2 protein chains.
Amino acid sequence: MRIEIPREFERFGPIMFYDVQKVYELDSGLIYKKNETKPEEQSVIKRISYESLQEIQEQMAIIVPVRNEKIKLIEGVLSGIPHHCQIIIVSNSSREEVDRFKIEKNALEHVGAFMKKNLLIVHQKDPALGKALASAGYDYILDEDGIVKNGKCEGMILSTFLAHLCGKKYIGFIDSDNYFPGAVHEYVQEYSAGLYNSKSDYSMVRIAWHSKPKIVESNLFFAKRGRASEHTNKFLNQLVSHYTGYGTEILKTGNAGEHAMSMELAKNLDFSSGYSIEPYHFISMFERFAAIHDNPLPEILKQGIEVYQIESRNPHLHEVKGDEHVKDMSKAALEVIYRSPLAPESLKKEILEDLFFRNIIESKEEMKKEVVYYPAIVNCDLKKLQKELQNQPYGDQLTLDLSKYKPSKKEGLKRDQLKGKPVPEEKNYLEAK
Amino acid sequence: MRIEIPREFERFGPIMFYDVQKVYELDSGLIYKKNETKPEEQSVIKRISYESLQEIQEQMAIIVPVRNEKIKLIEGVLSGIPHHCQIIIVSNSSREEVDRFKIEKNALEHVGAFMKKNLLIVHQKDPALGKALASAGYDYILDEDGIVKNGKCEGMILSTFLAHLCGKKYIGFIDSDNYFPGAVHEYVQEYSAGLYNSKSDYSMVRIAWHSKPKIVESNLFFAKRGRASEHTNKFLNQLVSHYTGYGTEILKTGNAGEHAMSMELAKNLDFSSGYSIEPYHFISMFERFAAIHDNPLPEILKQGIEVYQIESRNPHLHEVKGDEHVKDMSKAALEVIYRSPLAPESLKKEILEDLFFRNIIESKEEMKKEVVYYPAIVNCDLKKLQKELQNQPYGDQLTLDLSKYKPSKKEGLKRDQLKGKPVPEEKNYLEAK
């Protein structure tokens, strides 16, 4: 991969946001070539060798959430994931009346055998998983029967646990409804490039789509951004500006479903439900770690959090969803900004107006609460979780070495407790400039 | 790349056609990994390491024909081509009133600098090229002013010369109207995989598209084959069956625009104009080399010609062309089958009927001659060609070592001379079974 180094950045406390990076070559070859002296070229364009990318991928889990997608489509997605990534499929496909999950699992294991890969395939509502989570002290996503609830966010939390237990250092997400395996391949290469470049143990890569083709009058039109993204990015940037004192447009990936993180960062971020999960990465990062004082992870002050945004070369073409979907997405994204204790009154007012004028909410005065928050997974008892799952068919894939691990005694912090408390005073942010 | 080995093959004289191969992983990693003993696994699924693919790419020229495409689109295509391939852009963009070629060349050289690649960019109608071809004895594609004519085929002939003069062992073609750089990357990887697998110096790889999405009622429908291809493949297979005596469906890539060849094969094939150029690869191969007796290249009898067909994972999504385009394409493809001295009367009759019932020709009795044939480039005087071009700006990229080369005294054989003559008797084919 040949990629420009970021031209701009914005700092918010210990968090560094890098501007969108352009990719010049998807594939720039091996390091060790005759006539090449420098292993990696140092210039404003950086060449990242295939070996370096594979090095990251050997430590990466790629999560593919599945819900009743066609098996052919999923098979295509899997074929695009570089071999050395551990694939984790978290399915919430229906099990009644036809057991779609069973068919799916059989078919994908079959494909996995052809790929010589050991896929980790679980069902979101497997009672064993619910039980294990409960015993580990993470019952937030369970229903009254002790089963993991429906929902994308709940599946992502579950998969973050699993990736962690697989002993992986990085976690990346790939949607299962992508028609272009070549785009999937590109996303994973870009995750790897960003994570390879990061100097911090706390890093994140988000993909900014090159374009999002839409069918307009029987032709394709290549829109630059999705419809929901424009609004999400605008308000996220306003929130950052409010604290840094400088207007900015640096955040361009508020709704990026394609993203990857170091496990160190992933396990320390809170979650929010539904379509708000991606923008909430930013909000959680701000709430937990933007402060210089009261930062719950002193190590983050030392190393910083690095957020890379990489512009994919492939357009993003996926299953067509309707206008309602865009509205739901926009509402959820703006709700987590609105409800953050960090959001100043002026910003909250603007968000309500924006949603009202787009006919997404009915009143300019208030917004119905729909989002649910879940705490970071960091304070769970991983030992108990591992023990509970070791008798599962996939138990031997959960290879994290916990021999020296001591579970924290703190319970996972509930999001409601945030209000006022660990959220720092405004002045702390100002000092961070 | 992880790819199945071909399950079926069909032999026609010294030509081996392999059935379509399925790709399981676009990217299967490096050879040299700890815990891996075998450099390449031997099984019905073959793993081809990244190193092996790059080895082929270092010897490959990728031709990108351009004609007034948007520069952004071309830039995307270039970003998908693996770094070590030599890119040759043969443009026939308009030079009046705006000199589009000049803008294009500047922009692409700029992009090339970012990629640290030396692109070879020429204009099809550059008088220097016409002059050089004439002095080398290949004036077939020149107009009365000594300039290369318009046309895709004429551009491909020109680019085959250039790739040869660049000293490349392989040549591959990539259309410049592909929206998905990830698909471009896949095609080149698959060219490399096929050529790597070939045991013969005479080999060809053709891409069978996974699917060809069409916009149907504002949604995407994934058709398995293009509309013209079905007919082309059917008649090509019938032609093969006629000589082998066995019905076959082995040929599935009659119209494959995405293809690559060893230079040894490329320089020995004749060309035909317009949309017929791709199916004519097969026809020319049959006419020239299917015979056991009278084969103009004894080496081919020894080594054989290997034709691989690889099914791409990415759908093929390109600029939408209308029904007329499909009809023109189908007419051209079937015309070269029809006009081959190898075509038996029964097949010729069927072709006329097929075209008539599809409203492509007006009479069931005859077909207007539209296709033009050009001879293989093998008998040209390469030394003269190289000498004429060495003062061009790109002269130092034409690095083929011709110190020991002796031009053949035979003139390039005109296609008309084929009629009856070097085309073998039917019995020769039958012996070849």
Side-chain angles (χ1 to χ4, degrees), chain A residues 1-2 4 22-30 32-33 41 43-45 47 50-51 53-54 57-58 72-73 75-76 78-84 111 113-117 179-189 210-211 213 215-220 222 312-315 317 319-320, chain B residues 1-2 4 22-30 32-33 41 43-45 47 50-51 53-54 57-58 72 75-76 78-84 111-117 179-189 210-211 213 215-220 222 312-315 317 319-320:
Chain A
M1 175 146 296
R2 197 177 298 267
E4 67 175 1
K22 178 171 172 168
V23 170
Y24 283 94
E25 281 185 327
L26 295 183
D27 182 354
S28 67
L30 297 164
Y32 300 109
K33 290 304 306 168
E41 291 160 18
S43 77
V44 290
I45 312 289
R47 185 169 94 86
Y50 185 84
E51 292 96 326
L53 297 174
Q54 180 169 320
Q57 286 156 13
E58 286 165 15
K72 240 185 171 147
L73 190 55
E75 188 193 327
L78 300 189
S79 77
I81 298 173
H83 181 76
H84 291 281
V111 171
F114 279 100
M115 295 176 174
K116 300 225 170 189
K117 280 182 86 151
Y179 287 122
F180 284 83
V184 169
H185 185 251
E186 179 188 10
Y187 296 150
V188 179
Q189 297 292 87
H210 177 268
S211 58
I215 297 165
V216 179
E217 290 168 10
S218 287
N219 270 307
L220 285 174
F222 289 82
S312 66
R313 274 288 176 179
N314 285 286
L317 190 72
E319 294 265 20
V320 182
Chain B
M1 175 147 298
R2 197 179 298 267
E4 66 175 2
K22 179 170 171 169
V23 171
Y24 283 94
E25 280 185 329
L26 296 183
D27 182 354
S28 67
L30 297 165
Y32 300 111
K33 290 303 306 168
E41 290 158 20
S43 77
V44 290
I45 312 289
R47 185 170 93 85
Y50 185 85
E51 292 96 326
L53 298 174
Q54 180 170 321
Q57 286 155 12
E58 285 166 16
K72 240 185 171 145
E75 188 193 327
L78 300 189
S79 76
I81 299 173
H83 181 76
H84 291 281
V111 170
F114 279 100
M115 295 177 174
K116 298 225 171 192
K117 280 182 88 151
Y179 288 122
F180 284 83
V184 169
H185 185 251
E186 179 188 11
Y187 297 150
V188 179
Q189 298 291 87
H210 178 268
S211 59
I215 296 165
V216 178
E217 288 168 9
S218 286
N219 269 308
L220 285 175
F222 289 83
S312 67
R313 273 288 176 180
N314 286 286
L317 189 73
E319 293 265 18
V320 183

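Residue numbering restarts at 1 for every chain, and letters A, B, ... go by the order of the sequence lines. In this text the structure is predicted, and so the values were computed from the model without any measurement.
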To the nearest 0.5 Å, tell me how far [X] [atom1] sits from [Y] [atom2].
X	Y	atom1	atom2	value
B:E186	B:S312	CD	OG	5.0 Å
B:Y179	A:F180	OH	CZ	11.5 Å
B:H185	B:D27	NE2	CG	7.5 Å

Item to check | Worked verdict on A:M115 versus A:E75 for side chain to side chain contact (heavy atoms under 4.5 Å, CB included) | outcome: CA-CA 11 Å; A:M115 295 176 174; A:E75 188 193 327; 5.5 Å; no

Checklist entry - Which answer fits A:F114, side chain, backbone, both or neither, if we ask what part of it has an atom under 4.5 Å from a heavy atom of chain B? => result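 Its backbone and side chain both get close to chain B.
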
Checklist entry - Does any heavy atom of chain B fall under 4.5 Å from the side chain of A:Q189, the backbone, both, or neither of them? => result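 Looking at A:Q189, just its side chain touches chain B.
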
Item to check | B:E25 portion near chain A, given a 4.5 angstrom heavy-atom threshold | outcome: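 Interface part for B:E25: both.
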
Checklist entry - Which residue out of A:G182, A:G80, A:A183 racks up the most heavy-atom pairs below 4.5 Å with chain B? => result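 With the most close heavy-atom pairs to chain B, the winner is A:G182.
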
Next on the checklist: Only pairs of heavy atoms separated by less than 4.5 Å count here; which of A:L53, A:L78, A:L26, A:N314 has the most with chain B?
Outcome noted: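 Max contact count across the listed options: A:N314.
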
Item to check | Evaluation steps, side chain to side chain contact (heavy atoms under 4.5 Å, CB included), between B:E51 and B:L30 | outcome: CA-CA 6 Å; B:E51 292 96 326; B:L30 297 165; 3.7 Å; yes

